[in-house]
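Got a structure for you, written out below as structure tokens; questions coming shortly.
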Amino acid sequence: MSEPAFKSEFLKTMQARGYIHQVSHPEELDSAAASGIVTAYVGFDATAPSLHVGNLISIMMLRRLQQAGHKPVVLMGGGTTKVGDPSGKDESRKLLTEADIAANIASIRTVFEKFLTFGDGPTDAVMVNNDDWLSKLGYIEFLREYGPHFTVNRMLTFDSVKLRLEREQPLTFLEFNYMLMQAVDFLHLNRTRGVQLQMGGSDQWGNIINGVELVRRMDQKSAFALTTPLLTTSSGAKMGKSAAGAVWLNADMRSPYDYWQFWRNTEDADVGKFLRLFTDLPLDEVARLESLPGAEINEAKKVLANEATRMLHGAAEAEKAAAAAQAAFEQGGLSADLPTHEIAAAELETGVQLADLVVAAGLAGSKGEARRLAQGGGLRVNDAAETDANRTIATADLLDGVVKLGAGKKKIVLVKPV
RNA sequence: GGGGGAAUGUCCCGAGUGGCAAAGGGGGCGGACUGUAAAUCCGCUGCUGUAAUGGCUUCGUAGGUUCGAGUCCUACUUCCCCCA
């Protein structure tokens with residue numbers, strides 16, 4: 001790869017740590033970043049009350065930006081979320097209410113505060129909501145104002161559109177318009193806040209470029225695009241989907257312990273990449289860690305888990321997660337910091353069917369699944385394999401005040417009477 | 001406007017002859033091997049309930065034919081292709 005040698009700290013870091021997939025006008029952006037403050041934004045949907053690991057790379061880009069002395073803008077897609085994501089095929093897609101969206105945004109905001117410094121200073125992060133301007137646009141006004149700047153000929157050449165047409169898949173007019181709305185976002189932010197750069201995943205390239213061109217065409221101002229590579233694990237799986245579903249960033253949706261485990265279970269081949277992308281560790285330290293031979297690479301995974309968890313949940317939670325993991329996996333012992341499921345003491349005295357308990361503790365999605373788990377030899381009660389999911393768990397099964405349930409080798413839940 | 005095709009296990013792709021809880025993949029889960037890794041191999045993968053050959057709910061929607069329907073008929077919905 002004959003990558004250009006950047007001189008700005010920002011782009012040098014971005015390149016060295018593996019964030020860059022495509023950049024528009026690299027030299028121009030580089031000199032802008034080298035000579036002054038660049039304001040850049042990333043857009044996020046507000047479809048759920050939490051972002052997930054898949055969004056993390058974008059968040060980290062904003063963090064790098066701020067670390068390099070520039071200004072991050074977090075764009076919440078309150079307006080675009082209202083329209084709904086049209087890509088799903090199910091017709092029962094539920095449109096979120098305004099209240100839902102507002103609640104989601106409020107909930108998501110707390111996560112950004114862990115990664116960015118918000119405020120009124122020149123390089124402090126700010127959060128904006130595109131509902132503020134998009135919902136005010138009238139259709140005729142929208143067409144007259146922006147329509148002339150887009151040719152359908154050009155829009156048809158973007159991969160996102162082209163692929164759909166080639167595969168003879170339907171592309172609704174709504175989806176076709178999405179890139180225009182996003183372009184208007186960029187123009188608006190450029191005009192009101194001097195935003196010059198939009199970043200995002202590689203699948204956003206076409207959308208971002210439309211914004212870049214709109215700004216350049218209408219206002220003759222500089223605008224840039226930067227995308228990250230699509231993150232997959234080395235074995236090809238999409239990043240962020242794991243055993244328990246989406247890896248949420250909010251602590252109430254994914255505990256620090258589970259978050260730590262997510263990173264601890266990184267594939268060998270990905271450790272270096274993840275350390276560069278998702279921690280602040282210096283590159284030479286990363287290089288040392290990723291070159292650890294054989295099983296020693298596990299040390300690097302622990303560092304990754306510690307650093308990533310610390311950044312999101314704080315040092316105390318990271319330490320607790322690490323300690324719990326060590327007790328459970330390396331010493332086979334118990335730790336109060338393991339995931340816990342509380343059950344009424346009276347219920348336990350009467351006795352509970354193991355299958356029901358496993359489901360209640362979240363280790364299986366249904367009783368049938370719990371049974372299969374047991375029959376397959378994957379269910380453990382107090383560290384002893386248990387193939388009979390119909391047996392009763394009662395007070396007599398308490399060990400040190402808890403019942404330790406294990407599903408597979410990695411999932412442990414302590415059942416505690418209260 | 002006319003003609004032809006398609007919708008399958010609510011994660012995805014995809015077979016399906018009137019007896020079907022429905023082939024096969026992928027994914028996921030569990031086991032073995034390891035290092036809480038990858039690769040490989042084995043098992044499971046609708047819900048519920050068993051000692052079990054049990055019960056219940058599934059094939060776009062709504063009806064119908066039949067002892068019995070994913071499979072046949074009718075209408076409807078959505079999508080694709082061709083002609084105009």
Side-chain angles (χ1 to χ4, degrees), chain A residues 52 54 86-94 164-175 232-247 257-275 289-306 308-309 321-333 335 338-339 353-356 358-359 361-381 383-392 405-413:
Chain A
H52 51 83
S87 64
K89 78 164 193 181
D90 60 326
E91 54 276 16
S92 64
R93 78 178 75 100
K94 48 185 184 288
R164 289 287 271 286
L165 296 179
E166 276 171 5
R167 285 185 306 166
E168 297 182 342
Q169 292 298 310
L171 175 74
T172 66
F173 190 62
L174 177 70
E175 291 170 283
T232 55
T233 67
S234 290
S235 44
K238 201 188 287 175
M239 171 96 187
K241 264 205 77 180
S242 83
V247 181
Y257 171 82
D258 280 334
Y259 191 71
W260 195 94
Q261 283 296 319
F262 169 75
W263 293 106
R264 175 62 183 82
N265 285 303
T266 298
E267 295 175 22
D268 286 6
D270 293 321
V271 174
K273 179 167 74 180
F274 288 176
L275 281 167
L289 287 169
E290 74 173 325
S291 62
L292 287 172
E296 287 179 45
I297 194 82
N298 283 328
E299 290 310 310
K301 293 183 191 179
K302 288 182 199 167
V303 173
L304 172 63
N306 285 337
T309 306
Q326 197 189 4
F329 289 105
E330 294 176 24
Q331 292 154 10
S335 163
L338 284 169
Q353 190 188 34
L354 178 55
D356 284 322
V358 168
V359 172
L363 291 174
S366 67
K367 294 179 72 172
E369 193 182 323
R371 285 202 167 80
R372 275 179 242 125
L373 182 69
Q375 275 157 18
L379 182 61
R380 278 164 294 114
V381 177
D383 294 317
E386 177 58 74
T387 52
D388 178 16
N390 293 322
R391 67 162 280 200
T392 301
L405 293 182
K409 291 209 164 63
K410 296 178 185 173
K411 282 172 293 184
I412 300 168
V413 171

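Quantities reported herein were computed from a predicted structural model and do not represent experimental measurements. So that the names make sense, note that chain A is the first sequence line, chain B the second, and so on, each numbered from 1.
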Exercise. In the 5'-to-3' direction, what one-character label does each nucleotide of nucleotides 49-58 of chain B receive under the scheme B = base within less than 4.0 Å of a protein heavy atom, S = sugar-phosphate only, - = no such atom?
Worked result: SSS-------

For this session: Could you tell me whether the side chain of K411(A) reaches within less than 4.5 Å of the side chain of L405(A), counting heavy atoms only?
Result: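 No, their side chains stay 4.5 Å or more apart.
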
Problem set entry | Nearest-Å distance once atom C1' is located in both rA6(B) and rG16(B) |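 So the two C1' atoms sit 15 Å from each other.
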
Problem set entry | Atom C1', compared across rU66(B) and rG70(B): separation rounded to whole Å |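 Looking at atom C1' only, rU66(B) and rG70(B) are 16 Å apart.
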
Exercise. If we only count heavy atoms from C-beta on, is the E299(A) to L289(A) side-chain gap below 4.5 Å?
Worked result: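 No, side chains not in contact.
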
Exercise. Taking the same atom, C1', in rA22(B) and in rC41(B), what whole-Å distance lies between them?
Worked result: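 These two C1' atoms come out 28 Å apart once rounded.
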
Problem set entry | Nearest to side-chain heavy atoms of S366(A), which nucleotide of rU48(B), rU36(B), rA37(B) |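 Closest nucleotide to the S366(A) side chain: rU48(B).
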
Exercise. Rounded to the Å, how far apart are N265(A) CG and rA38(B) P?
Worked result: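 Computing the N265(A):CG to rA38(B):P distance gives 8 Å.
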
Exercise. Taking atom P in both rA62(B) and rA69(B), what distance in whole Å separates the two?
Worked result: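 Pairwise P distance, rA62(B) against rA69(B), rounds to 15 Å.
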
Problem set entry | E386(A): side chain to side chain contact (heavy atoms under 4.5 Å, CB included) partners, not counting sequence neighbours |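 With neighbours one apart ignored, the set is L354(A), V381(A), D388(A), R391(A).
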
Problem set entry | Contacts of type side chain to side chain contact (heavy atoms under 4.5 Å, CB included), residue A355(A), not counting sequence neighbours |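 Expected list: Q353(A), K367(A), A370(A), A389(A).
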
Problem set entry | SB check R372(A) E369(A) (cutoff 4.0 Å) |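 Looking at R372(A) and E369(A), the cut-off is not met.
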
For this session: With RNA chain B as reference, determine whether G365(A) or R264(A) sits nearer its 5' end, using the nearest nucleotide of each.
Result: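 It is R264(A), whose closest nucleotide lies nearer the 5' terminus.
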
Problem set entry | Short side-chain to backbone donor-acceptor contact, T266(A) and W263(A), under 3.5 Å |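 Such a contact is found between T266(A) side chain and W263(A) backbone.
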
For this session: Determine the Euclidean distance between corresponding C1' atoms of rU65(B) and rC82(B); express it in Å to zero decimal places.
Result: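 Pairwise C1' distance, rC82(B) against rU65(B), rounds to 33 Å.
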
Problem set entry | Whole-Å distance separating the CD1 atom of I297(A) from the P atom of rA37(B) |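 In whole Å, rA37(B) P and I297(A) CD1 are 14 Å from each other.
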
Problem set entry | Residues that K410(A) engages under side chain to side chain contact (heavy atoms under 4.5 Å, CB included), provided they are two or more places apart |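 So K410(A) forms a side chain to side chain contact (heavy atoms under 4.5 Å, CB included) with N265(A), F329(A).
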
Exercise. If you measure from the P atom in rG24(B) to the same atom in rU50(B), how many Å do you get, rounded?
Worked result: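 The same atom, P, in both gives a distance of 28 Å.
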
Problem set entry | Test salt bridge (Lys or Arg N to Asp or Glu O under 4.0 Å) applied to E296(A) - qualifying residues, sequence neighbours left out |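 Once residues adjacent in sequence are excluded, E296(A) has no partner under the salt bridge (Lys or Arg N to Asp or Glu O under 4.0 Å) criterion.
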
For this session: Can you tell me, in whole Å, how much space there is between the P of rA75(B) and that of rC81(B)?
Result: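 Each nucleotide's P atom is 24 Å from the other's.
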
Between the protein and nucleotides 41-43 of chain B, which nitrogen or oxygen pairs come in under 3.5 angstrom?
none

Exercise. For R380(A), what residues pass the side chain to side chain donor-acceptor pair (under 3.5 Å) criterion, not counting sequence neighbours?
Worked result: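 Side chain to side chain donor-acceptor pair (under 3.5 Å) list for R380(A), sorted by chain: empty.
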
For this session: Rounded to whole angstrom, note down the P distance from rA32(B) over to rA38(B).
Result: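 After rounding to an integer number of Å, I get 15 Å for this pair.
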
Exercise. Does R264(A) reach the side chain of Y259(A), with side-chain heavy atoms less than 4.5 Å apart?
Worked result: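 With C-beta onward as the side chain, the pair stays apart.
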
For this session: May I ask which nucleotide in the shown strands pairs with rU65(B), Watson-Crick or G-U wobble, both distances under 3.5 Å?
Result: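 None - no nucleotide pairs with rU65(B), as no candidate has both distances under 3.5 Å.
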
For this session: Decide, for rC80(B), between syn and anti: a glycosidic angle within 90° of 0 counts as syn, anything else as anti.
Result: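 Base orientation: anti.
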
Output one line per pair: protein atom, nucleotide atom from nucleotides 30-32 of chain B, and distance, for all N/O pairs under 3.5 Å.
| unit_1 | atom_1 | unit_2 | atom_2 | d |
| --- | --- | --- | --- | --- |
| rG30(B) | OP1 | K411(A) | NZ | 3.4 |
| rG30(B) | O2' | G376(A) | O | 3.1 |
| rA32(B) | OP2 | K409(A) | NZ | 2.3 |

Exercise. So which nucleotide does rC47(B) pair with, by the Watson-Crick or G-U wobble rule with both distances under 3.5 Å?
Worked result: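 Pairing partner: rG55(B).
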
Problem set entry | Watson-Crick/G-U partner (both atom distances under 3.5 Å) of rA6(B) |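 Because both required distances fall under 3.5 Å, rA6(B) counts as paired with rU78(B).
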
Exercise. Ignoring hydrogens and angles, does a donor from either the side chain of Q261(A) or the base of rU36(B) sit under 3.5 Å from an acceptor on the other?
Worked result: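 It does, because a donor-acceptor pair links the side chain of Q261(A) to the base of rU36(B) below 3.5 Å.
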
Exercise. When all nucleic acid strands are considered with a 4.0 Å heavy-atom cut-off, which category describes A325(A): base, sugar-phosphate, or nothing?
Worked result: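 Since a base atom lies under 4.0 Å of A325(A), the category is base.
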
